[in-house]
Amino acid sequence: MIRGSAQRYLLGARALYKVRRRDTTEAVIGAITGSLARPQTLVLGRLDEAGVLRPVARSTPLHPDATRQLAEHLVPAAPGHPWEGVRFTTSWGSRTPLDVILVEPLLVAEIVADTAQERGAWRHPERLARLRHDVTVDDVPLFGTGPPAAAG
């Protein structure tokens, strides 16, 4: 929360501004909503220390350009996907089921992430910045680590 340096505190007034910090980081695409030809959102994960892909976030709806680019690279999941049998929900804290299509966890996405995490997962949907063809799944930060700390 911030207010102007020359602004005095006004009891009961809505004079403060909420500023959310957002950073970019990477995550693995493990599932999508929509179809392989027209993905709508991404379900993102990170490997834990044992090498198991753990869900960490869902993306905001994809831009049409991103949808077309992703559709060219998505590969349907083979049997044995780490999220086989996992039940996803429509939002953090929700009980409403989300229908997803599992994909091979081969693609890395750069996402714009806020700092609100709980038990290693982001609480809010994250925005896709771009696909990272230059980064491998093993290069993605491990589960439970957030965006990099701001330089100060």
Side-chain angles (χ1 to χ4, degrees), residues 1-3 16-152:
M1 302 300 279
I2 63 169
R3 63 181 165 92
L16 300 178
Y17 297 95
K18 185 174 190 175
V19 177
R20 285 194 179 163
R21 187 175 133 199
R22 293 188 156 297
D23 295 305
T24 60
T25 189
E26 286 79 26
V28 179
I29 302 171
I32 60 164
T33 62
S35 68
L36 289 172
R38 292 190 82 178
Q40 295 174 351
T41 63
L42 308 174
V43 182
L44 303 161
R46 283 186 169 174
L47 299 175
D48 63 16
E49 290 183 2
V52 177
L53 187 65
R54 305 274 302 273
V56 295
R58 182 168 162 219
S59 75
T60 57
L62 299 173
H63 186 275
D65 291 339
T67 295
R68 283 188 291 278
Q69 183 185 18
L70 274 164
E72 295 172 8
H73 299 285
L74 292 171
V75 177
H81 188 286
W83 295 347
E84 238 174 39
V86 174
R87 185 174 171 205
F88 293 94
T89 58
T90 56
S91 63
W92 181 83
S94 170
R95 294 182 189 269
T96 306
L98 177 68
D99 292 326
V100 301
I101 297 172
L102 300 178
V103 297
E104 282 299 316
L106 306 170
L107 297 175
V108 175
E110 181 178 342
I111 56 173
V112 180
D114 66 17
T115 57
Q117 285 189 330
E118 185 166 310
R119 295 187 304 269
W122 280 281
R123 292 179 56 181
H124 304 109
E126 307 307 340
R127 186 174 58 83
L128 173 68
R130 63 185 173 133
L131 282 179
R132 293 293 307 265
H133 297 292
D134 59 325
V135 176
T136 69
V137 171
D138 292 330
D139 296 328
V140 173
L142 290 178
F143 173 78
T145 59

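Two residues are said to be in side-chain contact when any heavy atoms from C-beta on lie closer than 4.5 Å; Pro76 and Leu36 meet this criterion. Counting heavy atoms from C-beta outward, Ile101 and Leu74 have side chains that stay 4.5 Å or more apart. For the pair Pro105 and Val137, the minimum side-chain heavy-atom distance is 4.5 Å or more. Between Leu128 and Leu62 there is a side-chain heavy-atom pair separated by less than 4.5 Å.
Pairing each heavy atom of Thr25 with each of Pro141, the nearest pair is OG1-CG, 4.0 Å. The minimum heavy-atom distance between Trp83 and Arg54, with the atom names listed, is CZ2-C, 3.9 Å. When every heavy atom of Gly30 is checked against every heavy atom of Leu53, the shortest pair comes out as CA-CD2, 4.4 Å. Scanning both residues, Arg132 and Glu110, for their nearest heavy atoms gives CD-OE1, 3.5 Å. Across His73 and Leu131, no two heavy atoms sit closer than the pair CD2-CD1, 4.1 Å. When all heavy atoms are compared, the tightest approach of Asp48 to Phe143 is CA-CB, 3.8 Å.
Within a 6.0 Å sphere centred on CZ of Arg130, heavy atoms belonging to other residues, nucleotides or ligands number more than 12. Surrounding CG of Asp99 are at most 12 heavy atoms belonging to other residues, nucleotides or ligands under 6.0 Å away.
A distance of 7.0 Å separates OG1 of Thr60 from CZ of Arg127, quoted to the nearest 0.5 Å. If you take CG on Leu70 and NE2 on His63, they are separated by 13.0 Å, rounding to the nearest 0.5 Å. Expressed to the nearest 0.5 Å, how far CZ of Arg95 lies from CZ of Arg87 amounts to 9.0 Å.
Within the 3.5 Å criterion, the main-chain N or O of Pro79 finds no donor-acceptor partner in the side chain of Glu84. Judged by distance alone, the side chain of Arg38 and the main-chain N or O of Ala71 form no donor-acceptor pair under 3.5 Å. Distance alone, capped at 3.5 Å, places no donor-acceptor pair between the His81 side chain and the Glu104 backbone.
When Thr89, Leu42, Leu98 are each tested for a side-chain contact (heavy atoms from CB on, under 4.5 Å) with Arg58, only one passes: Leu98. Screening Asp138, Val140, Leu44 for a side-chain contact (heavy atoms from CB on, under 4.5 Å) with Val108, the sole residue that qualifies is Val140.
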